[in-house]
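Single-structure report; data block below.
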Amino acid sequence: MIDTASAKISAPTYIGATPADFTITNIILENESVNTESFVIDATTGEIEIKNSDNLAVGLYHLSISCVSNGKTYNFADAGCSINNEAFG
């Protein structure tokens, strides 16, 4: 059985010092910031879990992520994440 309510996005790959302190800094859908607790990032690994996707609108979400590596903060805007609940019907 497919669990349509949650999914995981693997931790990012990297070269150099191990990044940590991962944070989701913004979530955008259709050019609008959205406030949802459905996207959860592991602060240590950067793995993202999508919870309760049945409650999310279908569309392409853009996540902005920050992390710290070697004492420097890095920001990554517009990481895409497509939610398509219709695929599990």
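Note that the coordinates shown come from a computational prediction; the quantities given were computed from them, not determined experimentally.
- For the side-chain hydrogen bond (donor to acceptor under 3.5 Å, both in side chains) test, no residue two or more places apart in sequence or in another chain qualifies with Ser64.
- Identified under the salt bridge (Lys or Arg N to Asp or Glu O under 4.0 Å) test for residues 14-41, with sequence neighbours left out: none.
- Residues satisfying the side-chain hydrogen bond (donor to acceptor under 3.5 Å, both in side chains) test with Ser66, not counting sequence neighbours, are none.
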Start with the C-alpha distance between Thr36 and Ser38, add both sets of side-chain angles, then the distance that settles side chain to side chain donor-acceptor pair (under 3.5 Å), and finish with yes or no.
CA-CA 5 Å; Thr36 177; Ser38 291; 3.2 Å; yes
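- In this view, Leu60 and His62, Ser82 satisfy the side chain to side chain contact (heavy atoms under 4.5 Å, CB included) rule, not counting sequence neighbours.
- Every side chain to side chain contact (heavy atoms under 4.5 Å, CB included) that Ile41 has, sequence neighbours left out, goes to Phe22, Ile24, Ile48, Ile65.
- For the pair Thr23 (side chain) and Thr25 (backbone), a donor-acceptor distance under 3.5 Å is absent.
- Residues meeting the side chain to side chain contact (heavy atoms under 4.5 Å, CB included) test with Ser69, sequence neighbours left out: Ala17, Pro19, Tyr74.
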Can you list the steps and then say if Tyr14 with Cys67 is a side-chain contact (heavy atoms from CB on, under 4.5 Å)?
CA-CA 12 Å; Tyr14 57 90; Cys67 69; over 6 Å; no
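- Listed for the Asn70 side chain is no donor-acceptor partner under 3.5 Å among the backbone atoms of Lys72.
- Screening residues 38-61 for ring-ring contact (aromatic ring centres under 6.0 Å, His included), with sequence neighbours left out, gives Phe39-Tyr61.
- By the side-chain hydrogen bond (donor to acceptor under 3.5 Å, both in side chains) test, Thr13 is found to be paired with no residue, residues two or more places apart in sequence or in another chain being considered.
- Going from atom NZ of Lys51 over to atom CG of Leu56 covers 13.0 Å, rounded to the nearest 0.5 Å.
- Judged as a side-chain hydrogen bond (donor to acceptor under 3.5 Å, both in side chains), and not counting sequence neighbours, the contacts of Asn26 are Ser33.
- Legend: residues meeting salt bridge (Lys or Arg N to Asp or Glu O under 4.0 Å) with Glu49, ordered by chain and number and at least two apart, are absent.
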